[in-house]
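What follows is a set of notes on a single structure, which appears directly below.
This structure is a prediction, so every number in the text was calculated from the model and none was measured. Count residues from 1 along the sequence.
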Amino acid sequence: MAYEDLREWIATLDRAGELKKVSIEVDPILEIAEITDRVSKMPGGPALLFQNIKGHPGAQVLINQFGSARRMNLALEVDKLDEFADRIRQFMDVKSPQGFLDKVKMLPMLAEMGKFFPKTVSSGPCKEVIRRDNFSLDEFPILQCWPKDAGRFITLPCVVTRDPKTGKRNVGMYRMQVYDSHTTGMHWQRQKVGAEHYRERLRETQPEVSSRVDLMARSSGGSVIPDGLRPGGKMEVAVAIGTDPSITFSAIVPAPPDVEEYLIAGFLRQRPVELVKCETVDLEVPASSEIVLEGHVHLDELRTEGPFGDHTGFYSLEDVYPVFHLSCITHRKNPIYSTTIVGKPPMEDGWVGKAVERIFLPLMKLTIPEIVDINLPIEGVFHNLMIVSIRKSYPGQARKVMNAVWSLGQAMFTKCILVVDEDVNVQDIGEVTLKVLNHIDPERDIQFTLGPVDSLDHASRLPNYGSKMGVDATRKWPSEGFNRPWPDEIVMNEKTKALVDKKWKDLAKQLGLD
């Protein structure tokens, strides 16, 4: 169980008929993106391994590896994603032991949990080539995805940072615009854990200004030092590219702040992640990574980053972000460059989002127990729409659920929340549309609130701050001020349905429906 590395994952995709190898020469500037965009929008379009990259002889590019429901299941080694939800639920159902016998019964589960913790090893494949000097990002086939992108972007990096106060590691996924052979942007948005580690490091070094400076405020462009900051200060960062699917997925999921992504990966793969120490920074990276970039973010430097063609289907506008300076590159011999593109859905990231939805539903239920199911439609690009069904027990409960969702980590960015009753199948958009539009009185049932919004929301009144909408589409009760009769839904009785069921085979044949 568990893929050893990206190469074993690629071999599995190949055996499963889910991978196509492309030997025709292709350009990493725009052309690979156009090919992948077309393939990703085909039902069941395969993962692609490009093996003839213009300007990069011998290089290989893997893309669209998660681009279908079947491949997401293969990546996480399950028949259906709800299997993980069930496992998470089992761990959450553990109660405090009341006596010696209860403690003994818990030992097998505690031993199993212990298997998931990462372990550090002396070396690994990512150390096959170590380059402290004479290295360049230009050696890798990094893509430019869309015509108005500011340049080439590393789009599937596992970015490792450490909390300066607690020492805990974080693995996040933040795009990295390539400025030159040794520097990139570091697009950690304000609400991301990497950005908080950056602010904590700044508070350590320049406490007199850190509390009053918006460290990533919009700028007129160029490389800048924020007003009031003194020159100097660094923060260590490591970037792993080309990891096994469980690690890549763990870097994407909105994990609770105190739960390390390497532990989540261990839980997903049922085996610990093996880590190795970096050469020039005090951080650990997956030993089996194809490529590792080591370096520092300078605390006194921000630089214009973007535009970038994003998963919203629009370009995210240029803004200023910290700059990552490389100090060392290590990699496997003949490394495989793993990447992705985002754009108008459906694309690969949509399938990843659906996996996140399924796996983290039990954690949402832990905080909001009345939730029955949720749906983040791919066309809603994660943060624009959430449909929630609830088991309604008291008046105003739908509004309570909306506010609870807006208080949950990355769910705080959700622009629109639709709340429906438990008998509505939230995965059926047709049914949701019918029920929502029939059940609401717009003035009564729609509420607006202000708060943080996703950095990619180009329609908000201000960057990162705007309005959100909640719709209570549940049946209204007299205790909610609705005193008219609520009509019954049209449903045929079971006796008649059973009668027609018996005749349906012959009927279908006569009607030409068989």
Side-chain angles (χ1 to χ4, degrees), residues 2-3 5-6 9 65-66 72 75-77 81 84-85 87-88 91 113-121 124 126 154-176 186-189 191-198 200 235-278 281-294 338 340 349 352-353 355-360 362-363 382 408-411:
Y3 301 107
D5 53 22
L6 184 73
W9 166 230
Q65 60 182 297
F66 302 125
M72 275 308 319
L76 300 176
E77 300 178 276
L81 294 169
F84 272 119
R87 286 184 52 216
I88 292 169
F91 278 107
M113 291 176 66
K115 295 188 300 185
F116 307 149
F117 286 88
K119 63 178 182 180
T120 302
V121 296
C126 72
I154 300 170
T155 56
L156 208 62
C158 297
V159 179
V160 185
T161 58
R162 194 185 301 278
D163 188 319
K165 291 199 317 187
T166 67
K168 290 182 179 178
R169 291 173 300 221
N170 181 74
V171 186
M173 189 160 288
Y174 320 114
R175 74 185 189 225
M176 300 165 62
M186 187 58 71
H187 186 92
W188 46 46
Q189 298 165 15
Q191 302 88 356
K192 303 295 186 180
V193 177
E196 181 58 24
H197 290 177
Y198 173 78
E200 282 294 341
M235 172 179 159
E236 295 183 332
V237 179
V239 179
I241 301 171
T243 56
D244 81 66
S246 66
I247 298 171
T248 304
F249 181 72
S250 298
I252 297 170
V253 299
D258 292 333
V259 180
E260 186 181 274
E261 286 76 12
Y262 290 142
L263 177 58
I264 294 173
F267 177 81
L268 293 174
R269 71 207 300 266
Q270 292 288 280
R271 220 167 75 188
V273 175
E274 292 191 345
L275 305 175
V276 292
K277 283 275 195 182
C278 289
V281 293
D282 184 23
L283 291 167
E284 296 80 27
V285 292
S288 62
S289 305
E290 293 289 322
I291 302 165
V292 175
L293 313 178
E294 303 178 14
S338 178
T340 189
D349 60 326
V352 176
V356 171
E357 171 195 296
R358 292 295 91 196
I359 289 174
F360 280 87
L363 297 178
F382 311 141
L408 283 178
Q410 299 300 308

Q: Would you name the heavy atoms of Asp5 and Ser288 that are closest together and state the gap between them?
A: CB-CB, 3.6 Å
(Q) As an exercise, state the distance from CD of Glu200 to CE of Met235, rounded to the nearest 0.5 Å. (A) 10.0 Å
Q) So which heavy atom on Pro245 is nearest to which on Tyr3, and how close? A) CG-CD1, 3.6 Å
Q | Lys277 and Asp282: CA distance, side-chain angles, deciding distance, side-chain contact (heavy atoms from CB on, under 4.5 Å) verdict | A | CA-CA 7 Å; Lys277 283 275 195 182; Asp282 184 23; 2.9 Å; yes
Q.
I need the Tyr262 OH to Asn170 CG distance, nearest 0.5 Å.
A. 9.5 Å
Q. Does a side chain donor of either Gln65 or Ser338 reach within less than 3.5 Å of an acceptor in the other side chain?
A. yes
(Q) Asp163 vs Arg169, test: salt bridge (charged side-chain N to carboxylate O under 4.0 Å, His left out). Steps then yes/no. (A) CA-CA 6 Å; Asp163 188 319; Arg169 291 173 300 221; over 6 Å; no
Q) Considering all heavy atoms of both residues, which atom of Val273 and which atom of Gly266 are nearest to each other, and what is their separation? A) CG2-N, 4.1 Å
(Q) Do Phe116 and Ile264 have side chains that approach each other closer than 4.5 Å (heavy atoms only, starting at C-beta)? (A) no
Q) Looking at Ala355 and Met72, what are the two nearest heavy atoms and their distance? A) CB-CE, 3.7 Å
Q.
Between Val292 and Val239, is the side-chain contact (heavy atoms from CB on, under 4.5 Å) condition met? List the steps.
A. CA-CA 6 Å; Val292 175; Val239 179; over 6 Å; no
Q: To the nearest 0.5 angstrom, please state how far the CG atom of Leu6 sits from the OG1 atom of Thr248.
A: 7.0 Å
**Q.** Salt bridge present between Glu284 and Lys119 (N-O < 4.0 angstrom)
**A.** no
Q) Side chains of Val352 and Phe66: closer than 4.5 Å at any heavy-atom pair? A) yes
(Q) I want to check something: taking the side chain as every heavy atom from C-beta on, are Leu275 and Val285 in contact at a cut-off of under 4.5 Å? (A) no
Q: Show your working on side-chain contact (heavy atoms from CB on, under 4.5 Å) between Met173 and Leu156 and close with a plain yes or no.
A: CA-CA 7 Å; Met173 189 160 288; Leu156 208 62; 3.6 Å; yes
Q) Relative to the ring of Tyr198, is the ring of Trp188 parallel (under 30°), tilted (30 to 60°) or perpendicular (over 60°)? A) tilted
Q) side-chain contact (heavy atoms from CB on, under 4.5 Å) between Val237 and Val159: does it pass, once the steps are laid out? A) CA-CA 7 Å; Val237 179; Val159 179; 3.7 Å; yes
Q: Provide the closest heavy-atom pair for Cys278 versus Ala238 in the form atom of the first, atom of the second, distance.
A: SG-CB, 3.7 Å
**Q.** Leu268 versus Ser250, closest heavy-atom pair with distance
**A.** CD1-OG, 3.6 Å
**Q.** Nearest-0.5 Å distance, CE of residue Met176 to CE of residue Met186
**A.** 4.0 Å
Q) Just by distance, do the side chain of Arg162 and the backbone of Gly167 share a donor-acceptor pair under 3.5 Å? A) yes
Q. Hey, does the side chain of Glu274 reach the backbone of Val121 with a donor-acceptor pair shorter than 3.5 angstrom?
A. no
**Q.** Backbone N/O of Ile291 and side chain of Ser289: donor-acceptor pair under 3.5 Å
**A.** no
Q. At what distance, to the nearest 0.5 angstrom, does CZ of Phe382 lie from CD of Gln410?
A. 12.0 Å
Q: To the nearest 0.5 angstrom, please state how far the CD1 atom of Ile154 sits from the OG1 atom of Thr340.
A: 14.0 Å
